[in-house]
Amino acid sequence: MTVRVMLVSPAMNAALREARFDGDAPLDRAGERSARAAAPAVPRSGAVLSGPSERCLGTAAALGHTAHAEPALTGWDLGRWSGRRLDEVGAAEPDAVAAWIGDPSAAPHGGESLRALVERVGGWLDGTGAGGTLVAGDGTGGADRRDAGGEPGAGGGSILAVAEPAVVRAAVVHALALPVAAFWRLDVAPLVLTELSGRSGRWNVRLGRPLATPEEP
């Protein structure tokens with residue numbers, strides 16, 4: 001079955017402004033304003049999902065949607081580095097950071113390796129194209145359970161999901177069968193729409209459409 005998966009990166013928060021490995025920090029006021037301003041540009045869909053972080057759920061709410069938290073869209077687990085600044089970790093553990101960037105299977109932080117992240121997100125993505133059952137609705141209130149195909153005329157065959165930038169990058173790597181290391185060459189800004197359409201083994205990608213003018217850092 002063919003499905004359209006629309007991934008929206010969440011709005012800005014303090015951790016992102018400070019270049020921190022985000023644990024589970026909520027949106028700041030500027031990020032919430034940006035998300036509210038972007039709401040009219042969000043496409044309709046048959047199902048609305050979100051990563052379970054406060055940042056993702058807060059962005060979905062600011063965009064005008066009540067989203068179902070999807071565990072498979074959890075942000076990258078960076079273990080003991082969560083909440084710390086990138087430059088701080090680089091100064092304290094330079095060899096560990098080099099291994100993390102250079103080896104997709106390495107997890108020196110004690111969390112999830114890059115390869116494991118891509119496999120997890122790729123498994124979820126392929127599942128959407130296999131007609132898996134998702135929580136769906138009109139994206140503004142109550143939800144029911146039905147096939148991912150949705151309903152004709154109501155965004156059927158489409159899924160909107162607010163997901164952390166690392167999850168979006170992992171989805172693109174999987175969809176295009178890129179080398180895992182290509183993850184580091186991709187950049188996802190806040191409140192950007194990335195569209196994937198197709199099915200397992202045959203995905204087309206439309207990259208990076210901003211939904212709103214970004215806030216100044």
Side-chain angles (χ1 to χ4, degrees), residues 2-17 22 25-70 72-75 121 124-125 128-129 134-143 146 148-176 186-198 203-217:
T2 298
V3 65
R4 180 184 179 208
V5 179
M6 298 171 288
L7 301 176
V8 175
S9 52
M12 188 74 78
N13 68 357
L16 187 58
R17 294 178 194 278
D22 193 3
L27 294 183
D28 58 20
R29 291 183 179 180
E32 185 174 352
R33 286 197 305 269
S34 293
R36 291 186 185 280
V42 177
R44 288 181 57 82
S45 65
V48 181
L49 306 177
S50 171
S53 70
E54 285 192 57
R55 182 182 176 211
C56 286
L57 290 168
T59 296
L63 291 172
H65 295 279
T66 299
H68 171 69
E70 171 54 61
L73 297 178
T74 299
V121 175
W124 171 81
L125 181 64
T128 66
L134 297 170
V135 171
D138 63 3
T140 60
R146 68 164 183 258
E151 296 171 357
S158 64
I159 299 164
L160 176 71
V162 180
E164 295 289 350
V167 171
V168 177
R169 292 158 72 188
V172 171
V173 168
H174 174 81
L176 297 181
L186 302 174
D187 189 29
V188 177
L191 293 174
V192 163
L193 174 67
T194 298
E195 299 181 59
L196 304 98
S197 59
W203 292 100
N204 297 313
V205 179
R206 183 181 181 188
L207 294 171
R209 175 163 68 88
L211 296 176
T213 302
E215 293 276 349
E216 292 295 327

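Minimum heavy-atom separation, W203 to L125: CZ2-O, 3.3 Å. Residue A35 comes nearest to A62 through the heavy atom pair CB-CB, 3.5 Å, listed as atom of the first residue, atom of the second, then distance. What you find for S45 and L160 is that their closest heavy atoms are OG-CB, 3.3 Å.
Note that CG of L176 is 7.5 Å distant from CG of L196, once rounded to the nearest 0.5 Å. Interatomic distance, L27 CG to M12 CE, rounded to the nearest 0.5 Å: 11.0 Å. Atom OG in S34 sits 14.5 Å away from atom CZ in R29 (nearest 0.5 Å). With values rounded to the nearest 0.5 angstrom, L49 atom CG is found 6.0 Å from I159 atom CD1.
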(request) With side-chain contact (heavy atoms from CB on, under 4.5 Å) as the test, would you mind laying out the steps for V8 and L63 before giving the verdict? (result) CA-CA 10 Å; V8 175; L63 291 172; 4.2 Å; yes
(message) For a side-chain contact (heavy atoms from CB on, under 4.5 Å) check, start with the C-alpha distance between L186 and V172, then their side-chain angles and the critical distance, and finish with the verdict.
(response) CA-CA 9 Å; L186 302 174; V172 171; 4.0 Å; yes
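With sequence neighbours left out, the salt bridge (charged side-chain N to carboxylate O under 4.0 Å, His left out) criterion links R169 to no other residue. A search for salt bridge (charged side-chain N to carboxylate O under 4.0 Å, His left out) contacts involving E54 returns nothing, not counting sequence neighbours.
The main-chain N or O of A11 is found under 3.5 Å from a side-chain atom of R55 such that the two form a donor-acceptor pair. No donor-acceptor pair closer than 3.5 Å links the side chain of S9 to the backbone N or O of E164. The closest donor-acceptor contact from the side chain of N13 to the backbone of D28 lies at 3.5 Å or more, if one exists at all.
The shortest distance between side-chain heavy atoms of L191 and T59 falls below 4.5 Å.
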Determine all donor-acceptor pairs shorter than 3.5 Å in which one atom belongs to a side chain in residues 36-43; sequence neighbours excluded.
residue, atom, partner, partner atom, Å
R36, NE, E32, OE2, 3.4
R36, NH2, E32, OE2, 2.8

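Judged by distance alone, the side chains of S50 and E70 never bring a donor and an acceptor atom under 3.5 Å apart.
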